[in-house]
Amino acid sequence: MKKFVSFAFALTVSTLSSLSMAQDVKGDANAGEKKIAMCIGCHGIVGYQASFPEVYKVPKISGQGEKYISTVLNAYKKGERKHPTMRGIADSLTDQDIADIAAYYANHGKVQGATLPDKATEPKGNVAALLTKGACVSCHGENFAKPIDPSYPKIAGQHPDYLYVALKSYKVEGAPTWGRGNGVMGGVAKQFSLAELKELANYMASQQGDLKTVPQSKFR
């Protein structure tokens, strides 16, 4: 019994140590530029649409938070987010690759001196009540472009159809190839009907943000 406890303790310490080391890896944007060949085929084409599990525009990732990008890629790698293509890509990346790619996209397409409004526009109709119910501002910020924690996403100005599919994915349970395991977002999304999630997605997408898709060629 003592040997088992010692082994379990050692395994836990080792796992926590590995996670800590992964989080401490410093990204290099210049190195990241050389590692994005598998990204630009979708995220470097304006208006590109995915077809699984339904048709929607792939997310804008240029200008997204560095820590959030790292968090997402690691979530696909660990199976916390389910998507066959993204899982395959994430599995091929080292911790350093993930950090470098995240650093690259966080700075990609940035416009020096550009500013965003401090607060989002006044919501219309039922949206104000939905935002309050979901406590969206408490994590994603007053303008939905400055989240309170860098591991949370910027969502202002993101594609509405992507936001809708993303929100729906937190309601999915038990599907082997689709869904997102996040206790907080799962609890939030499950409060709403699909029609309400679409209203929220359309509102978030209408806000001014610094996310963008920058056209890139595989043949640079």
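Note: hydrogens, waters and symmetry copies are ignored here, and every other heavy atom, side chains too, is used.
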Quiz item: How would you list all residue pairs meeting side chain to side chain donor-acceptor pair (under 3.5 Å) that involve residues 51-63, not counting sequence neighbours?
Solution: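 Listed by first then second residue: E54-K168, S62-H108.
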N/O donor-acceptor pair under 3.5 Å between [X] side chain and [Y] backbone:
X	Y	result
E66	P150	no
K82	R87	no
Q207	T121	yes
K110	G63	no

Which heavy atom in [X] sits nearest to a heavy atom in [Y], and how many Å separate them?
X	Y	answer
M86	L73	CE-CD2, 3.9 Å
H159	V58	CD2-O, 3.1 Å
P147	Y152	CG-O, 3.4 Å
I36	Y104	CD1-CE2, 3.5 Å

Could you check if a side-chain atom of [X] sits within less than 4.5 angstrom of a side-chain atom of [Y], using non-hydrogen atoms only?
X	Y	answer
T177	H83	no
V172	R180	no
L197	L194	yes
Y203	L131	yes

Would [X] end up clustered with [Y] when hydrophobic side chains under 4.5 Å apart are linked, directly or stepwise?
X	Y	answer
L211	Y162	no
Y48	V214	no
I98	I61	yes
Y68	I89	yes
V165	F52	yes

For [X], salt bridge (Lys or Arg N to Asp or Glu O under 4.0 Å) partners two or more places apart:
X	answer
R81	none
D28	none
D161	none

Quiz item: Between atom SG of C39 and atom CG of L93, what is the distance when rounded to the nearest 0.5 Å?
Solution: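 Interatomic distance, C39 SG to L93 CG, rounded to 0.5 Å: 7.5 Å.
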Please table the atom pairs, donor to acceptor, closer than 3.5 Å between any side-chain atom in residues 181-192 and protein atoms at least two apart or in another chain.
residue : atom : partner : partner atom : Å
N182    : OD1  : V184    : N            : 3.1
N182    : OD1  : M185    : N            : 2.8
K190    : NZ   : E173    : OE2          : 2.6
Q191    : NE2  : V188    : O            : 3.4

Can you list, pair by pair, the side-chain donor-acceptor contacts under 3.5 Å of residues 134-144, counting residues two or more places apart and other chains?
residue : atom : partner : partner atom : Å
S138    : OG   : A135    : O            : 2.5
H140    : ND1  : P153    : O            : 3.1
N143    : OD1  : A145    : N            : 3.0
N143    : OD1  : K146    : N            : 3.2
N143    : ND2  : P117    : O            : 2.8

Quiz item: In terms of heavy-atom contacts, does NZ of K35 have more than 12 from other residues, nucleotides or ligands at under 6.0 Å?
Solution: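 Above 12, so yes.
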Quiz item: Between the side chains of N74 and T71, does any donor sit under 3.5 Å from an acceptor?
Solution: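 N74 vs T71: no donor-acceptor pair found between side chains.
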